[in-house]
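In this text the structure is predicted, and so the values were computed from the model without any measurement. As the structure lists them, so they are numbered: ligands from 1, and atoms in each ligand from 1.
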Amino acid sequence: MRKNIVAGNWKMNNDLPETEMLISDLIKQNQTSDAEVMIAPTFTNLWQAFESLRQEGIEVIAQNMHFAENGAYTGEVSASMLKSIGIKTVILGHSERRAYFNETDESLAKKVDAALENDMRVIFCFGEELADRKSGNEEAVVESQIKNALFHLGADAFKSIVLAYEPVWAIGTGETATPEQAQDMHAFIRKTLADKYGNDVADEVSILYGGSVKPNNAKEIFSKQDVDGGLIGGASLKAEDFFAIVNAF
Ligand code: 13P
């Protein structure tokens with residue numbers, strides 16, 4: 001059975017005291033749920049967050065990493081560094097990384113390889129821009145993002161991969177994809193995987209939706225057959241809203 005997952009992507013928000021406050025609010029709200037719960041604080045606060053949430057069943061994950069193991073890459077962080085502080089999952093390919101930091105399908109393929117070689121789990125993000133959707137190209141764009149970064153992998157690798165469909169036009173805009181738009185795209189993504197790797201692999205991969213998921217729309221989005229959870233930006237910065245979304249399952 002594939003897993004339900006709700007992951008909070010804090011992006012570049014919350015310094016150390018703010019992180020400690022939000023984590024203490026999360027601990028107060030925490031209860032058993034039908035979803036795996038994760039948060040992705042910024043690099044400087046990963047260790048603190050990991051230590052504080054050790055016993056809580058909330059996984060602390062990273063927002064990015066470099067593909068090299070170590071070396072002359074000023075300002076970068078490697079998979080083994082993340083692993084050495086207990087981090088086992090990394091978000092790769094977020095549209096903000098693609099847009100502002102020139103991440104490409106090729107560099108992302110290398111990052112995915114490095115994460116998997118280090119036995120880490122990857123939440124791989126992709127999604128079309130507004131112009132792509134307006135011109136009816138959304139499926140072609142999503143298909144090429146998935147193929148270019150992931151289709152060199154063997155079927156077994158997909159045990160360690162979670163997909164996150166995040167239409168760029170829905171991120172931080174308050175404009176969310178309708179549950180039907182999300183379901184249609186998620187079904188297309190699953191079919192794309194099935195065509196290459198077979199139904200057994202495709203049916204086991206969790207596919208998350210991201211883009212203005214809020215307490216008032218999460219239930220309907222998560223009720224769709226091929227939507228296995230969410231990657232949450234803004235609403236993950238308030239413990240009450242985040243857990244309202246978690247509890248939408
Ligand atoms: P918002 O929930 O703020 O739209 O952000 C979504 C996102 O980018 C999660 O990675």
Side-chain angles (χ1 to χ4, degrees), residues 4-14 18-19 22 26 35-43 45-46 49 58-65 82 87 89-103 108 111-112 115 120-130 132-133 138 141-142 145-146 149 161-179 181-182 185-186 189 206-222 224 227-249:
N4 294 327
I5 296 172
V6 178
N9 176 9
W10 289 9
K11 309 191 179 183
M12 198 175 73
N13 292 295
N14 292 332
E18 289 162 343
T19 295
L22 181 47
L26 288 172
E36 269 188 51
V37 182
M38 306 174 184
I39 58 160
T42 193
F43 284 129
N45 301 320
L46 282 175
I58 296 175
E59 187 182 347
V60 176
I61 69 174
Q63 298 177 18
N64 180 37
M65 55 165 244
L82 293 172
I87 305 300
T89 302
V90 61
I91 298 171
L92 294 176
H94 194 282
S95 62
E96 288 149 17
R97 302 276 335 154
R98 293 175 190 259
Y100 308 142
F101 303 99
N102 304 318
E103 297 212 355
L108 288 169
K111 289 187 175 200
V112 170
M120 291 183 73
R121 177 160 63 162
V122 172
I123 299 183
F124 184 75
C125 305
F126 51 86
E128 83 282 3
E129 300 198 15
L130 185 59
D132 303 319
R133 186 157 278 267
E138 65 273 18
V141 168
V142 161
Q145 288 172 323
I146 293 173
I161 291 182
V162 171
L163 299 178
Y165 168 58
E166 298 204 302
V168 177
W169 48 271
I171 295 178
T173 58
E175 182 175 351
T176 182
T178 64
Q181 283 173 322
M185 183 58 88
H186 283 220
I189 293 162
S206 298
I207 308 178
L208 315 185
Y209 168 80
S212 298
V213 178
K214 305 290 177 198
N216 65 6
N217 60 22
K219 202 178 180 85
E220 216 188 330
I221 296 171
F222 294 171
K224 293 295 178 190
V227 179
D228 306 308
L231 191 51
I232 319 300
S236 72
L237 299 174
K238 249 183 95 189
E240 206 180 335
D241 288 353
F242 185 57
F243 271 102
I245 293 170
V246 171
N247 293 329
F249 271 111

Check for a donor-acceptor pair, side chain of Glu129 on one end and backbone N or O of Val168 on the other, with a separation under 3.5 Å. no
Kindly give the heavy-atom pair with the smallest separation between Phe222 and Ala248, and that separation in Å. CD1-CB, 4.0 Å
Heavy atom of the protein closest to atom 3 (O) of ligand 1 (residue, atom name, distance): Gly234 N, 2.8 Å
Considering non-hydrogen atoms of the protein only, which is the closest contact for atom 2 (O) of ligand 1, and what is the distance? Gly233 N, 2.9 Å
Residues forming a side chain to side chain contact (heavy atoms under 4.5 Å, CB included) with Ser236, sequence neighbours excluded: Trp10, Ile232, Phe242
Would you say Glu96 and ligand 1 have an N/O pair spaced under 3.5 Å apart? no
Ala235 near ligand 1, heavy-atom distance under 4.0 Å? no
Quick check on contacts: which atoms of ligand 1 are under 4.0 angstrom from a heavy atom of Ser212? 1 (P), 2 (O), 4 (O)
Can you confirm whether Phe249 sits close enough to Val6 that some side-chain heavy atom of one is under 4.5 Å from a side-chain heavy atom of the other? yes
Would you say the side-chain atoms of Tyr209 pair up with the backbone N or O of Gly211, donor to acceptor, closer than 3.5 Å? yes
Just distances here: any N/O of Gly172 and N/O of ligand 1 closer than 3.5 Å? yes
Check: Gln63 and Glu96 side chains under 4.5 Å, non-hydrogen atoms: no
Can you tell me if Lys11 contacts ligand 1 (heavy atom of the residue under 4.0 Å from the ligand)? yes
Tell me the contacting part of Ala170 for ligand 1: side chain, backbone, both, or neither, using a 4.0 Å heavy-atom threshold, strictly below. backbone
Check each heavy atom of Leu231 against ligand 1 and say whether those closer than 4.0 Å belong to the side chain, the backbone, both or neither. both
Quick check on Lys238: does its NZ atom have over 12 non-hydrogen neighbours (other residues, nucleotides or ligands) under 6.0 Å away? no
Could you tell me, atom by atom, which parts of ligand 1 come under 4.0 Å of a heavy atom of Gly211? 4 (O), 6 (C)
Sub-3.5 Å N/O-N/O distance, Thr173 and ligand 1: no
Please write down residue, atom name and distance for the protein heavy atom closest to atom 7 (C) of ligand 1. Glu166 OE2, 3.2 Å
His94 and Glu166: side chain donor to acceptor below 3.5 Å: yes
